[in-house]
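Heavy atoms only: backbone and side chains are in, while hydrogens, waters and symmetry mates are out.
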Amino acid sequence: MKRLIAFIIACLLFFGCGMKEAHEGKKIADAKVLKIAAGSEIKELEPIIEEYERKFNRRIELSYMGSLDMMNELKTGAMNFDALWPASTIWLNMGDIHKVLKHQKSISITPIIFGIKKSKVAELGWNDKDIYIKDIIEAIEDDRFSFAMTSATQSNSGASAYLGFLTAIANDINGDEAGVNWKELQNPALRESITKLLSGVNRSSGSSNWLVDLFINGYYDAMVNYETLIIKTNNELEKLGREPLIAIYPIDGLVFSDAPLAFVSKTDNEKKEETFLEFQDYLLSDEVQDKIEMTGRRSNFNTVRDSNKKYFKSEWGLDPDKIISPIKLPDTDTIEQALSLYQTSFKKPAVTYYLLDYSGSMSGDGVRELKAALGELLIASNAHKNLLNSHPNDENVFIPFSKTVDDIIEKTGDERELEEAYNILNDREAGGSTAMYEALIKAIEKIGSNDYSGKNISIVVMTDGAPTDSSKKNEMIKQYNELNKDIPIFSILFGSANEREMSELAELSRGKVFDGREDLIKAFKDVKGYN
C-alpha cells in the first residue's frame with residue numbers, strides 16, 4: 001500500500017510539474033512580442049521597459065542600431081522589426097520612402113550639447129556666458145580646446161551636432177537665420193570654418209553610450225553628447241571623485257533629439273498593432289513620463305516636473321527652465337550632401353592601420369569574407385553607398401600577416417589608390433600561422449617613426465584565431481605604452497577568434513571589439529564610425 005501511495009504521489013508530482021511547465025511555456029508562447037530597433041541612447045530606459053513587460057505580460061525585444069543605419073534599412077523596405085525607435089524624427093522622415101510607418105509619436109526630448117570639464121570651462125572663461133559656435137572655433141584655432149564626438153555618418157548625436165554647426169556657421173556668414181542649403185555647402189568660408197571646427201575632434205565613436213564609457217575610462221576635456229548622457233557621465237564621475245562636466249548649450253547651433261517611436265505597418269504584423277499602441281500609451285502616460293524625466297530626459301513636451309529638477313543639477317550648468325530654441329534642420333537633399341561632405345572633405349583626416357589575417361585558418365569562408373568586407377570599404381561605389389568614403393588626406397596602411405608580417409601597403413584616401421590596394425589584397429591566398437603580435441609591433445613602430453599631426457590614428461585588427469607566438473605579447477604592450485599616444489586598437493572577430501585576447505587589446509588602448517561572425521560587412525561599417 002505504501003508503495004502504491006508513493007507511486008501515485010510521484011505520478012502527481014511528475015505530471016503536475018509537467019503541466020506547470022507546459023502552462024508556463026504556453027504563457028511565453030502566447031505573450032505578445034514587439035521587436036524594436038532602437039538607438040543606443042534608449043538603453044537608459046530599459047528598467048522602465050522591463051516594468052511594462054512585467055505589468056502587461058509582454059516582451060519587448062530591443063535591437064540597438066545607429067539611427068542612420070535604421071534610416072538606410074528603412075529605405076530598403078525590408079524591415080525585420082515591428083517598430084522603430086531612433087533618436088530623432090529626421091531619420092524616419094528621410095528613410096520612410098515606402099510609407100510603412102504609422103502612429104509615430106515623440107517619447108522624450110533631450111538636446112545635444114557640449115559637456116566640458118569644469119576646470120576647462122574656467123580656463124576658457126566660459127562660466128555664466130552665452131557660447132556661440134564661433135567661440136568654439138576660436139578656442140580650437142588657439143589650440144585651447146578639443147572634444148570627443150560620435151561620427152556624423154554613424155550616430156544621431158554626431159550628425160545632429162554637425163548639422164547644428166553647419167547651420168550656425170551659415171547664419172553667421174550671411175547675417176540671417178536662413179540656415180544651410182546645398183548652395184551654402186559650397187561656400188569656401190563655410191567649408192573653412194567647419195573644417196577648423198572638426199579639427200578639434202580628438203576621438204570619434206559610433207555610439208553615444210560608448211562615448212560615455214570612453215570619457216569615463218580616459219581623461220578628455222570635453223564631449224558632444226545628449227544632455228541625458230552628460231548627466232549620466234557626471235553621476236559616474238561623481239562616484240569616482242573626479243571633476244564634473246559643465247553643460248554648454250550653443251546658442252546658435254542647438255539640435256534636439258525627440259526619440260520618436262513608430263509602428264512598421266506590414267501584412268504579417270497587423271496583430272501586433274494593438275500591443276504597440278498599448279506600449280506607446282504606457283510610455284506617454286503621466287506616471288511613466290515622470291520616471292523618464294528621472295533619467296535626465298525631458299518629457300515629450302520638453303518640460304521637466306518640479307519634483308524632477310533635482311536630477312538637472314544647476315552646479316553642472318543644467319537648467320531645464322531655460323528656454324532653448326533649437327535650429328531648423330535643413331531639407332533632406334542638403335542633409336544627404338552634408339553627410340557625404342563630412343566623410344570626404346570636412347572631418348579630420350584619419351590614419352588607419354589595417355592588420356589583416358591571412359593565416360591558414362582563414363582559408364575558405366574566412367578569406368572570402370575578409371575580401372568581401374575590404375571590397376565594401378575600398379571600392380568607391382560600395383563605400384559611397386554606406387557613407388564609408390575616405391577623406392583625400394586619409395592615410396591607409398595595410399599590414400597582411402600569416403606566419404610572418406608581409407609587405408606593407410600604403411595608400412591615401414584617393415579612390416584609385418584604394419582600389420589598387422583592394423586588387424593587391426584580393427589576390428592574396430591564406431596559409432601559415434598567425435603572427436598577430438608581430439604585426440601589432442610593426443604597426444606601433446611605424447606609427448612612432450611618422451609625424452601624423454592633425455590626424456586621428458587607429459589600428460584595426462582582423463583575425464579569426466589566437467596568435468601563434470604569445471611570447472611577443474609583453475613586448476607589444478611595452479612598445480604601445482612607451483609610444484604614449486591615444487591610439488585605439490579595434491578588433492573585428494572571425495570564426496573562432498580568441499575574444500579574450502582581443503578584449504585585452506581594447507582595454508589596453510580604450511578601443512573596442514566588433515563581432516564580424518554574423519555580419520562582417522556591418523562590423524566593418526561600425527568600426528569606421530570609431531576612427
Side-chain angles (χ1 to χ4, degrees), residues 35-43 62-108 110 112 149-164 166-167 180 182 185 204-210 226 255-266 326-344 347 376 381-389 519 521-530:
K35 296 182 178 180
I36 302 178
S40 67
E41 61 284 340
I42 301 301
K43 283 178 185 276
L62 293 175
S63 297
Y64 291 108
M65 180 186 295
S67 293
L68 280 80
D69 286 338
M70 215 179 297
M71 172 192 71
N72 290 330
E73 190 161 335
L74 183 57
K75 282 181 177 180
T76 69
M79 293 299 298
N80 295 317
F81 299 98
D82 304 313
L84 302 182
W85 200 353
S88 175
T89 295
I90 58 174
W91 312 117
L92 297 185
N93 292 345
M94 289 175 64
D96 192 21
I97 59 176
H98 301 287
K99 306 300 179 186
V100 297
L101 298 181
K102 60 194 296 192
H103 307 307
Q104 181 176 318
K105 290 183 180 180
S106 171
I107 302 302
S108 64
T110 188
I112 293 98
M149 170 178 151
T150 61
S151 166
T153 55
Q154 300 291 323
S155 171
N156 173 72
S157 64
S160 296
Y162 168 62
L163 293 172
L166 287 172
T167 301
V180 66
W182 68 270
L185 289 173
S204 184
S205 162
S207 160
S208 303
N209 258 291
W210 190 82
Y226 301 107
V255 179
F256 282 175
S257 163
D258 62 341
L261 179 62
F263 182 69
V264 179
S265 180
K266 296 188 293 187
I327 63 159
K328 180 182 178 182
L329 288 168
D331 60 62
T332 296
D333 289 343
T334 302
I335 291 175
E336 289 179 346
Q337 186 182 14
L339 293 176
S340 178
L341 286 169
Y342 168 86
Q343 198 72 20
T344 59
K347 77 168 200 169
E376 292 296 307
S381 57
N382 295 337
H384 178 74
K385 176 181 62 181
N386 294 316
L387 286 175
L388 293 175
N389 314 62
D519 189 340
I521 292 171
K522 180 182 181 303
F524 230 135
K525 287 172 61 179
D526 288 343
V527 79
K528 282 296 290 181
Y530 287 76

- State, yes or no, whether a side-chain contact exists between Leu84 and Ile36 at a heavy-atom distance under 4.5 Å. no
- Query: Among all residues two or more places apart in sequence or in another chain, which pass the side chain to side chain contact (heavy atoms under 4.5 Å, CB included) test with His98?
  - Reply: Val100
- To the nearest 0.5 Å, atom CG of Asp96 lies from atom CE of Met79 at 10.0 Å
- Message: What I'd like to find out is whether the side chain of Lys347 reaches to under 4.5 Å of the side chain of Tyr162, using heavy atoms alone.
- Response: no
- Item | Thr89: partners by side-chain hydrogen bond (donor to acceptor under 3.5 Å, both in side chains), with sequence neighbours left out | Asp258
- Query: Can you name the residues that form a side chain to side chain contact (heavy atoms under 4.5 Å, CB included) with Thr332, not counting sequence neighbours?
  - Reply: Met94, Glu336
- Check the pair Leu185, Leu166 against side chain to side chain contact (heavy atoms under 4.5 Å, CB included), reporting the backbone distance first and the verdict last. CA-CA 8 Å; Leu185 289 173; Leu166 287 172; 4.1 Å; yes
- Task: Report yes if the side chains of Thr167 and Val255 come closer than 4.5 Å at any heavy-atom pair, otherwise no.
- Result: no
- Message: List the residues meeting side chain to side chain contact (heavy atoms under 4.5 Å, CB included) with Ser151, not counting sequence neighbours, and say none if there are none.
- Response: Thr153, Gln154, Ser204, Tyr342
- Message: Taking side-chain hydrogen bond (donor to acceptor under 3.5 Å, both in side chains) as the definition, give me every residue that meets it alongside Ser106, ordered by chain and number, with sequence neighbours left out.
- Response: none
- Taking all non-hydrogen atoms of both residues into account, name the closest pair between Ile112 and Ser257 and its distance. CD1-N, 3.9 Å
- Query: Of the non-hydrogen atoms in Glu41 and Pro86, which two are nearest, and what is the gap between them?
  - Reply: OE2-C, 4.0 Å
- With sequence neighbours left out, what residues match Ala159 under side chain to side chain contact (heavy atoms under 4.5 Å, CB included)? Leu68, Trp91, Leu339
- Item | Point-to-point distance, once rounded to the nearest 0.5 Å, from CE of Met65 to OG of Ser207 | 13.5 Å
- If you take all heavy atoms of Leu261 and Ala83, which pair is closest and at what distance? CD1-CB, 4.3 Å
- Message: Please give me the minimum heavy-atom distance between Gly158 and Met149, naming the atom from each residue.
- Response: O-CE, 3.5 Å
- Item | Test side-chain hydrogen bond (donor to acceptor under 3.5 Å, both in side chains) applied to Ser160 - qualifying residues, sequence neighbours left out | Asn156
- Query: How about Thr150 and Ser205: do any of their side-chain heavy atoms sit closer than 4.5 Å?
  - Reply: yes
- Note on the structure: Rounded to the nearest 0.5 angstrom, the OG-CG distance for Ser265 and Asp82 is 11.0 Å
- Query: Would a 4.5 Å heavy-atom cut-off, applied to side chains only, mark Thr334 and Leu163 as touching?
  - Reply: no
- Within a strict 4.5 Å, meaning less than it, do heavy atoms of the Tyr64 and Ile42 side chains meet? yes
- So, Ser67 side chain and Ala87 main chain: donor-acceptor pair closer than 3.5 Å or not? yes
- Query: If you round to the nearest 0.5 Å, how far is OG of Ser40 from CG of Leu62?
  - Reply: 12.0 Å
- Item | Over all atoms of both residues, closest heavy-atom pair of Ala259 and Trp85 | O-NE1, 3.3 Å
- For Lys328, check salt bridge (Lys or Arg N to Asp or Glu O under 4.0 Å) against everything at least two apart and list the hits. none
- side-chain hydrogen bond (donor to acceptor under 3.5 Å, both in side chains) partners for Ser88, two or more places apart: none
- Query: Do Met70 and Phe81 have side chains that get closer than 4.5 Å, going by heavy atoms?
  - Reply: no
- Query: Who pairs with Lys43 by salt bridge (Lys or Arg N to Asp or Glu O under 4.0 Å), at least two apart in sequence or on another chain?
  - Reply: none
- Message: List the residues meeting ring-ring contact (aromatic ring centres under 6.0 Å, His included) with Trp210, not counting sequence neighbours, and say none if there are none.
- Response: Tyr530
- For the atom pair OG1 (Thr344) and NE2 (His384), what is the distance rounded to the nearest 0.5 Å? 9.5 Å
